[in-house]
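A quick write-up on the structure given underneath.
Worth saying up front: this structure is predicted, and the values here are computed from it rather than measured. Here is the naming used below: chain letters follow the sequence lines, and residue numbers restart at 1 for every chain.
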Amino acid sequence: MKKLAFSLLLVFAAAWLAWQDVDAGQTQARPWMSPVVTREELAAMDWVRANTAPRTLFATDIFGGEFLMGNTLREATVGGDWAIIPNVVERMRAFQYDFYGAASAEQAHATAVKYGAAYAWVPNRQIFAGYSWVEANRSLFVEPYFTQVYGSGVAIYKVNP
Amino acid sequence: MNGLHGPLNKRLPLLLLLAAVALSLWTHSMVFNEFVMPTYGNTMIHVASSRELVETGQYPFADDYSYGGGQPNLYVPVYRFAYAEAVMLTGLPFDLVGRLFVMLFAILLPLGFFVLCRELWGEWPAAAAALLASAVPELLIYTVRPLPQALGLALLPIAFYLIIKNNRIAALAATALVVLTHQEAGVFLVGCAFAFFALKLLQALAAKAEKRKLALDAPAKLAFACWLAGVAVYFGWHFFITGNLDVFGLAQFQNHEGGKVTADLLATKAGRAVLLLGALGAVAALVRVVRKPFEPLNAEYFALACAGAGLFACFNDLVGIGVFMDRFIVFLGVALIPLAALGAKKIFDLGEALAENLL
């Protein structure tokens, strides 16, 4: 019995160490549960389905784009599997710096047109198009370049020709 | 384990397995925390392909949704097919099915490690392995989200079990399933299978040199067949989708996706207990292999081969590959759990030996 107690003591020590790792796992995993997207973006999916055709291309960040793809079967300028996308890094850079981070409405519009986007997705949260997290600047999305067609927590703009 | 006898000895490992499943379900239950399922890790891109299959009856093989669309859908499809099938069979929304998938992974993980380690080392280490499945932080991070990788990770111990058990048809089928579920999981599986085969081949050649009788045994041959089948299945899929075999042209290789693995990162992500017990188990397995060089010792060779494959993958930058190094920590964790289970058994035995000498 004494021998067993000695062994159990060592096993309990190992179990205590393992429990610290279980706890650390919970702490490390919790941030990955954040959906990033907002409830307003979820609500906007109904509008997208009702007012656009499948495979319509939206200018988005990665999280907004993937959320649109999964919920509505629309396409997004960034987001998804980048394995065999031609010039994918250039594309991400364009939507990070020349669209959401554009210096002017004209530049944002030119980027959207270059990549064939029909709509722009501008959520009320930080966006991430592959390089950094920044606030979406709504002052870029103005006439005559963009026309707002939906808007509350997330604004959707038509990209004008 | 000589100190535990009678019904307790038979039932306690199963009770510990139940506790391990409960623990895993509890740690994974955070998937229900938010108003939608987790989105990190491209979870929604898999929903897109599954949703198209459900809503139109067609799978978008030729036209992925990613990055503006118009490109072949290279990602391996089994998880997406399973997702679509589950939605069609249950009629539940994609979001809920995704979260329920996570609970399924939570159950499969301890069960998989239990059956694998029972085959390798016996009931008590199997129970330890089932519990240790919850002690690898990176394993939780990757299985608490509805991702193909989570399914691949949950299937790995089962595939390993089928190889070591020499269940030929099932092992080959499991290999194909893993390869078509998640690319990295497939790479790791075929890497482990090849490393096991290579170690066993070296052992057989060494025996031959010593004029000993030791033929390459059935699990080693099966591991070789699984390696071959896994590689063929992946290249077949790649060719079917892209019309070429240029695997190394993928963006992940071209842009060297992945970060360097440091000791700190390894300890944080793999867990200190699994690392320490795994090291102890590795030493125990190595000692046995060195002391009995001409005995089959498939369990020891297999566990060491998997750990070797995991280490190689994590430090592939040292041989000039430089892709996904930190992303392979979770697979090293999978490889270390069986060795850690052996380490736990050795700790128990050590306690008994110490007590005998000291008391």
Side-chain angles (χ1 to χ4, degrees), chain A residues 1-11 13-15 17-22 24-37 39 42 54-55 57 62-63 65-86 88-89 91-92 115-117, chain B residues 3-4 23 27 30-31 33-48 51-52 55 64-69 71-72 74-75 94 131-132 134-137 139-141 144-145 242 250-252 255 268 271-274 276-277 344 347-352 354-356 359:
Chain A
M1 199 62 198
K2 281 179 183 169
K3 283 199 321 191
L4 178 62
F6 212 91
S7 290
L8 287 177
L9 195 67
L10 286 179
V11 168
L17 189 63
W19 180 253
Q20 309 302 309
D21 292 330
V22 173
Q26 294 269 292
T27 306
Q28 289 178 46
R30 214 161 278 125
W32 295 95
M33 297 300 97
S34 165
V36 180
V37 295
R39 288 179 191 275
L42 179 62
R55 295 279 185 177
L57 182 59
I62 288 175
F63 289 89
E66 291 178 356
F67 203 59
L68 269 167
M69 296 173 205
N71 280 297
T72 67
L73 300 186
R74 271 59 177 175
E75 290 174 1
T77 50
V78 294
D81 180 16
W82 71 325
I84 54 169
I85 308 295
V88 65
V89 175
R91 176 182 280 266
M92 285 193 276
Y115 286 92
Chain B
L4 294 174
L23 176 64
T27 58
M30 69 169 74
V31 74
N33 283 1
E34 292 287 348
F35 70 96
V36 288
M37 68 183 212
T39 57
Y40 272 105
N42 315 117
T43 57
M44 295 304 292
I45 184 61
H46 306 295
V47 177
R51 186 184 287 279
E52 180 161 338
E55 292 185 3
D64 191 8
Y65 286 85
S66 301
Y67 291 92
Q71 297 299 321
L74 179 63
Y75 206 100
F94 277 92
L131 286 162
L132 287 168
S134 289
V136 177
L139 196 51
L140 177 63
I141 288 170
V144 76
R145 291 172 283 162
T242 65
L250 301 182
Q252 287 86 347
N255 295 290
T268 306
R272 286 166 175 80
V274 164
L276 287 173
L277 289 172
I347 277 199
F348 195 95
D349 295 345
L350 180 71
E352 288 194 334
L354 281 175
E356 201 156 307
L359 300 176

Name the region of [X], side chain, backbone, both or neither, that has any atom closer than 4.5 Å to a heavy atom of chain B.
| X | result |
| --- | --- |
| A:A76 | backbone |
| A:L73 | both |
| A:I84 | both |
| A:S34 | both |
| A:P54 | neither |
| A:F67 | both |
| A:R39 | both |
| A:V88 | side chain |

Which heavy atom of [X] sits nearest a heavy atom of [Y], and at what distance?
| X | Y | result |
| --- | --- | --- |
| B:G68 | A:L57 | CA-CD1, 3.8 Å |
| A:V11 | B:I347 | N-CG2, 4.1 Å |
| A:D81 | B:S66 | N-OG, 2.7 Å |
| B:A273 | A:A14 | CB-O, 4.4 Å |
| A:D21 | B:P137 | O-CG, 3.7 Å |

Taking side chain as C-beta onward, heavy atoms only, is [X] less than 4.5 Å from [Y]?
| X | Y | result |
| --- | --- | --- |
| A:P35 | B:F35 | yes |
| B:Y40 | A:I62 | no |
| B:T27 | A:V22 | yes |
| A:W19 | B:L23 | yes |
| B:R51 | A:N71 | yes |
| A:Q28 | B:L140 | no |

Checking heavy atoms, do the side chain of [X], its backbone, both or neither come under 4.5 Å from chain A?
| X | value |
| --- | --- |
| B:E34 | side chain |
| B:L139 | neither |
| B:V274 | backbone |
| B:Y75 | both |
| B:T242 | side chain |

## Note on the structure
The reported gap from CE in A:M69 to CG in B:N42 (rounded to nearest 0.5 angstrom) is 9.0 Å
#### Entry: Interatomic distance, A:Q26 atom CD to B:I141 atom CD1 [nearest 0.5 angstrom]
11.0 Å
Which of the residues [options] is involved in the greatest number of heavy-atom pairs with chain A at under 4.5 angstrom?
| options | value |
| --- | --- |
| B:L131, B:L276, B:L132, B:V47 | B:V47 |
| B:T43, B:V31, B:I45, B:N33 | B:I45 |
| B:V136, B:L277, B:L250 | B:L250 |

### Task
Would you check, one step at a time, whether the test side-chain contact (heavy atoms from CB on, under 4.5 Å) holds for A:M33 with B:V144?
CA-CA 8 Å; A:M33 297 300 97; B:V144 76; 3.2 Å; yes
#### Entry: Which of A:G65, A:P86, A:A15 touches chain B most, by non-hydrogen pairs under 4.5 Å
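Greatest number of close heavy-atom pairs with chain B: A:P86.
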### Query
Taking the six-membered ring of B:Y65, is the NZ or CZ of A:R55 close enough (under 6.0 Å from the centre) and on axis enough (within 45°)?
yes
